[in-house]
Engineer: 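The structure's right below; bear with me while I get my questions together.
FYI, side chains are in, hydrogens and waters are out, and symmetry mates aren't considered; it's all heavy atoms of this structure. Residues: numbered from 1 along the sequence shown.
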Amino acid sequence: MAHPSISSILNSGQIDLAPYETLYKHFHSNPELSLQEEKTAEKIAAHLRSLNAYQVTTHIGGYGLVGVLKNGPGKTVLLRADIDALPVKELTGLPYASTKTMRDADGNEKPVMHACGHDMHITCLLATAERLVKLKDQWSGTLIVLFQPNEERGAGAQAMVDDGLYDKIPVPDVALGQHVMRLRAGSIGCRVGTIMAAADSMKITVFGRGGHGSLPHLTVDPVLLAAHIVVRLQGIVSREVDPTDLGVLTVGSLQAGQTENIIADRAEIGIDFRSVKVETREKIIESVKRIVKAECMASGSPREPIFTSTRRFPPTDNDDSIAGQLAVTFGEHFGEQFDGDTPRTNVSEDFSTLATSKGVPCCFWFLGGIEHGLWDEAQEKGTTAEIASNHSALFAPAIQPTLTAGVDALCVGALTFLTN
């Protein structure tokens, strides 16, 4: 006898998503910065415990938590959502917009917003947790729902692993995740191989010799030094990286001095760079250091520059076999709303660390969140790039059909491996 399709299984276990729409609005209105996700984690844990099916473990790598549902023999599947927000002042005008402020790691009061859609990720995974409990007679294996803190700084996944995550829960056979993006709401995009680039951020401190603005010949001006560095850095990708490869380098900040007539004694340059290949990443790092040191020497800098790594995101590589299996089940369930060859993005994630730390295959996909009318009109005009995207103060995913599609995608992903 033929096994029922995953779509038919899902249709037999519908849940009411109206409470989850309310829950989404709660998370959106109450964002918390990286490493401070205390109340968010408490709300998630309480909801998981209310399902009376999951063994819940909290405070893993900070405010990370997991729920484990053991449901007979079979594979172990991990589904992941990230939970932190960004220091962004929300400008969406939504009735449930965030007005919250928090102190950041430096003690500065900052507005806070779920400008990257993590509130949608949390809500989709909580609804998935309930739905798969309702369907547990139709699948067998172990389901892990993992809620990760501190994704925005690229350290939360590693922190959970370092805090003994896999001493507390089973090692999965496959790890799956998704991210809401600037795509038509309800659509799903995936691909074999690299789907998200690696990202690094670095602070570079260069030193001069300060003095009065009227006596520049008695100083070493770090502003001029930093300006030369900024210009020279632009040549790394255009002249040193193979044009067929991916490389991006951005100088995101340059800070020096406080007053117009004083030459400072140091400058700080903040850079961000993206790559796919390990060799390209190493080339960019080597080139940055070579240029900075050479410009310091040319300027007569009195001290060696200091290079401080501030963030490190690995590339997100989808396992060929896992992505191939999901392409079949996603295609069957979502039809034309599924793109199995979605373009790779330079945006980065640390999700894959949860898998690569144990040699586990993983797959990550994109969930469209842009309201249909807005997207279709912009696509007709060729202006989709002008729609507010992740990290924008105007980013506001349409609750529906985004939520429904996100829950379906996580359920289809899990059932692809729990019904075999």
Engineer: Run the ring-ring contact (aromatic ring centres under 6.0 Å, His included) test on F395 and H391 for me, step by step, so that the C-alpha distance in whole Å, both residues' side-chain angles and the decisive distance to 0.1 Å come before the verdict.
Structural biologist: CA-CA 7 Å; F395 185 61; H391 290 218; 8.9 Å; no
Engineer: Side chains of S253 and K203: does their closest heavy-atom pair fall under 4.5 Å?
Structural biologist: yes
Engineer: Between H47 and F147, does the ring centre distance come in under 6.0 Å?
Structural biologist: no
Engineer: Charged N to carboxylate O under 4.0 angstrom, E21 versus K25?
Structural biologist: no
Engineer: Does a side-chain heavy-atom distance below 4.5 Å link D84 with H118?
Structural biologist: yes
Engineer: The test is ring-ring contact (aromatic ring centres under 6.0 Å, His included); show your working for F366 and H179 and say whether it passes.
Structural biologist: CA-CA 5 Å; F366 299 147; H179 205 299; 7.6 Å; no
Engineer: Is E349 salt-bridged to R80, going by a charged N under 4.0 Å from an acidic O?
Structural biologist: yes
Engineer: Taking the side chain as every heavy atom from C-beta outward, state whether L354 and Q148 have any atom pair closer than 4.5 Å.
Structural biologist: yes
Engineer: Does R311 come within less than 4.0 Å of D200, counting only side-chain N to carboxylate O?
Structural biologist: no
Engineer: We want to know whether D317 and T194 form a side-chain donor-acceptor pair, criterion being a heavy-atom distance below 3.5 angstrom.
Structural biologist: yes
Engineer: When you compare the side chain of K168 with that of V66, does any pair of heavy atoms fall below 4.5 Å?
Structural biologist: no
Engineer: For the residue pair K289 and F307, would you count it as a cation-pi contact if the rule is NZ or CZ under 6.0 angstrom from the ring centre and within 45 degrees of the ring axis?
Structural biologist: yes
Engineer: Could you tell me whether K358 and D173 have a side-chain N and a carboxylate O separated by less than 4.0 Å?
Structural biologist: no
Engineer: My understanding is that only residues two or more places apart in sequence, or in another chain, count here; which of them pass salt bridge (Lys or Arg N to Asp or Glu O under 4.0 Å) with R274?
Structural biologist: D272
Engineer: Taking R232 first and then E295, would you say they form a salt bridge - that is, a charged N and a carboxylate O separated by under 4.0 Å?
Structural biologist: yes
Engineer: Indicate yes or no: does R290 engage E240 in a salt bridge with an N to O separation below 4.0 Å.
Structural biologist: yes
Engineer: Answer yes if the side chains of T416 and T329 hold a donor-acceptor pair under 3.5 Å, and no otherwise.
Structural biologist: yes
Engineer: Give a yes or no on whether a salt bridge exists between D376 and R184, defined as a side-chain N under 4.0 angstrom from a carboxylate O.
Structural biologist: yes
